[in-house]
Amino acid sequence: MLVRNKHAAVTSEARALFVGSVGFVVLGGVALLLVGREPVALSGRGSAGDIAAIGTAVLGAAAVVAGCLQRPTPVSPQFRGGRTRSAIDVGALALAHACMFLLGWLALFWIFQQAFIGAVLYPVAAAVLVGGAGAISAYVAYLSALGMTAYRLAALLAGFLVTGVLTSMLTAADPLWWQKHLSALGMSSDVSGVTFNFTLIVGGVVVTTLAGYSTATLAASANTPAALHRVRLLEGGIVLIGVFLAGVGVFPVDERFGIHTLVASGMVVVFASLIVRIRALIPSISPAFAALGWVFLAAIIVAAVLWFPVGYYNLTAVELIAGLLIFSWLIVLIRNLAAVDADRLGADLFEADRPAGPQIQRSGSGQPVSNATDGTAAEP
């Protein structure tokens, strides 16, 4: 029987502060060694921003691994697929956090450089600032991994995809990329192209991890082979969406046009199939969510028709609409699955706390007879 630690939250915060302090010391010391004795810029090649971004990516990934290892086993049903599946899940979380910190700190230091044009940092100031970035990143990453849930993972995925795609858009060498299609961002080998493709690949891996998190409780509570089979079908559909999303980044449109188009179309097809079968896969899901899926699917179809053959707008708009609706639906799906789990847990707790009380049986003559242990008879 699991004994609850009454000071678990306090212990977690204390450990997170320790991890953050280590991050400050380590990254601050590295920055002091790399900067040397000369002032350094806030952003740009060899700047404090570069050191902070790369350093926080490494520290954040390490903090995520530490947080996952500290998770209590009884409350981690999502890591149920053995060591291989657990390693993949932890690796995906670490990679997603690392990329978020890398892109986020690069963007933030670039904004600071635009606000303080011509400003430089002296070695000690640079070390303190970079160390502070390391402390914040390590602290946040550790607590994020320690309390990771399906909903938090979905929010992390959304933030990561938005950050990566926007970074690719802002750094695109061709300012008119949007006149072609969204995949044009991944055709170049510069920072924009690498960022776009890498964002899709990591995002796809995170979606596959999300599949395990979101269906863990459903699988654990399935009481018949048919129910478990339905859960596996739902999990497999989400995994396929992640695989196809990663495939879009692995196969750039200018190098593998056929495969790129196939995996991009496959993602929409799997999404549509899940919408059509969602009530059959999860009978307890709300009708409102099922109707929302049909609305999203209809919106994608209308957007595609407005592109071809109507020609109202270009392919980029269709891709943006489809991507936004697909991942919005995934996030709402996570919330609805969490609601189903909460209702089931509430019902189980109600049954567990319900007092048994004396049960009344009737004798052969029809008179009530109590089965109470105190020897008293029941009232007629």
Side-chain angles (χ1 to χ4, degrees), residues 9 11-35 40-71 89-113 115 121 123-149 151-167 191 194-195 198-199 201-203 205-206 209:
T11 302
S12 298
E13 284 294 334
R15 290 174 177 173
L17 289 174
F18 174 76
V19 171
S21 300
V22 172
F24 178 85
V25 173
V26 171
L27 196 54
V30 171
L32 194 60
L33 291 176
L34 293 178
V35 170
V40 65
L42 282 166
S43 180
R45 186 178 297 274
S47 63
D50 283 357
I51 299 173
I54 297 174
T56 55
V58 176
L59 285 177
V64 167
V65 174
C68 289
L69 293 177
Q70 291 293 324
R71 290 176 64 95
D89 290 346
V90 173
L93 288 177
L95 193 57
H97 282 81
C99 294
M100 282 284 291
F101 291 135
L102 177 67
L103 298 176
W105 286 113
L106 280 176
L108 189 59
F109 273 87
W110 180 82
I111 293 173
F112 284 159
Q113 186 68 78
L121 293 173
V124 175
V128 171
L129 187 59
V130 173
I136 294 172
S137 302
Y139 175 84
V140 170
Y142 179 83
L143 288 179
S144 176
L146 197 63
M148 183 58 64
T149 61
Y151 178 64
R152 291 181 180 178
L153 183 58
L156 175 67
L157 172 66
F160 171 68
L161 289 176
V162 170
T163 302
V165 173
L166 280 179
T167 301
V191 175
V194 172
T195 300
F198 191 65
T199 298
I201 294 171
V202 176
V205 175
V206 174
T209 303

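In what follows, every heavy atom counts, from backbone to side chain, and hydrogens, waters and symmetry copies are set aside.
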Review point. To the nearest 0.5 Å, what is the distance between CZ (Phe198) and OG1 (Thr167)?
Key: 13.0 Å
Review point. Does Gly159 offer a backbone N or O that forms a donor-acceptor pair with the side chain of Thr163 under 3.5 Å?
Key: yes
Review point. Heavy-atom distance under 4.5 Å between the side chains of Met100 and Trp105, does that happen here?
Key: no
Check your understanding: Please walk me through it: do Glu13 and Tyr139 pass side-chain contact (heavy atoms from CB on, under 4.5 Å)?
Key -> CA-CA 9 Å; Glu13 284 294 334; Tyr139 175 84; 2.7 Å; yes
Check your understanding: Taking side chain as C-beta onward, heavy atoms only, is Thr195 less than 4.5 Å from Val165?
Key -> no
Practice item. Taking the side chain as every heavy atom from C-beta outward, state whether Leu129 and Leu42 have any pair of such atoms under 4.5 Å apart. Key: yes
Review point. Between Gly203 and Leu157, what is the shortest heavy-atom contact and its length?
Key: O-CD1, 3.7 Å
Practice item. Taking all heavy atoms of Val206 and all of Ala96, pick out the closest pair and write down the distance. Key: CG2-CB, 3.6 Å
Check your understanding: Do you know the tightest heavy-atom contact between Val205 and Ala92?
Key -> CG1-CB, 3.5 Å
Point to revise | His97 vs Leu156 side-chain heavy atoms within contact, under 4.5 Å | key: yes
Check your understanding: Between atom CD1 of Ile111 and atom OG of Ser43, what is the distance when rounded to the nearest 0.5 Å?
Key -> 10.0 Å
Check your understanding: Taking atom CZ of Phe109 and atom OG of Ser47, what is their separation to the nearest 0.5 Å?
Key -> 8.0 Å
Revision key, fill the gap. One should read off an interatomic distance between Leu17 CG and Ser21 OG, to the nearest 0.5 angstrom, of 6.5 Å
Review point. Heavy atoms, side chains only, cut-off 4.5 Å: are Phe101 and Ile54 in contact?
Key: no
Check your understanding: How far does CD1 of Ile51 sit from OG1 of Thr56, to the nearest 0.5 angstrom?
Key -> 11.5 Å
Exercise for review: Taking Arg71 for its side chain and Ala145 for its backbone only, find out whether a donor-acceptor pair lies under 3.5 Å.
Suggested key: yes
Point to revise | Donor-acceptor contact present, side-chain Arg15 to main-chain Leu143, <3.5 Å | key: no
Practice item. For residues Ser137 and Leu59, determine if any side-chain heavy atom of one lies less than 4.5 Å from a side-chain heavy atom of the other. Key: no
Point to revise | Distance (rounded to the nearest 0.5 Å) between Leu93 CG and Leu153 CG | key: 6.0 Å
Review point. If you take all heavy atoms of Ala52 and Ala133, which pair is closest and at what distance?
Key: CB-CB, 4.2 Å
Check your understanding: If we only count heavy atoms from C-beta on, is the Pro123 to Leu32 side-chain gap below 4.5 Å?
Key -> yes
Exercise for review: Provide the closest heavy-atom pair for Phe160 versus Thr199 in the form atom of the first, atom of the second, distance.
Suggested key: CE2-O, 3.4 Å
Review point. Are the side chains of Leu106 and Asp50 in touch, meaning some heavy atoms are under 4.5 Å apart?
Key: yes
Exercise for review: Looking only at non-hydrogen atoms, find the nearest pair between Val65 and Ala94 and report the distance.
Suggested key: CG2-CB, 4.3 Å
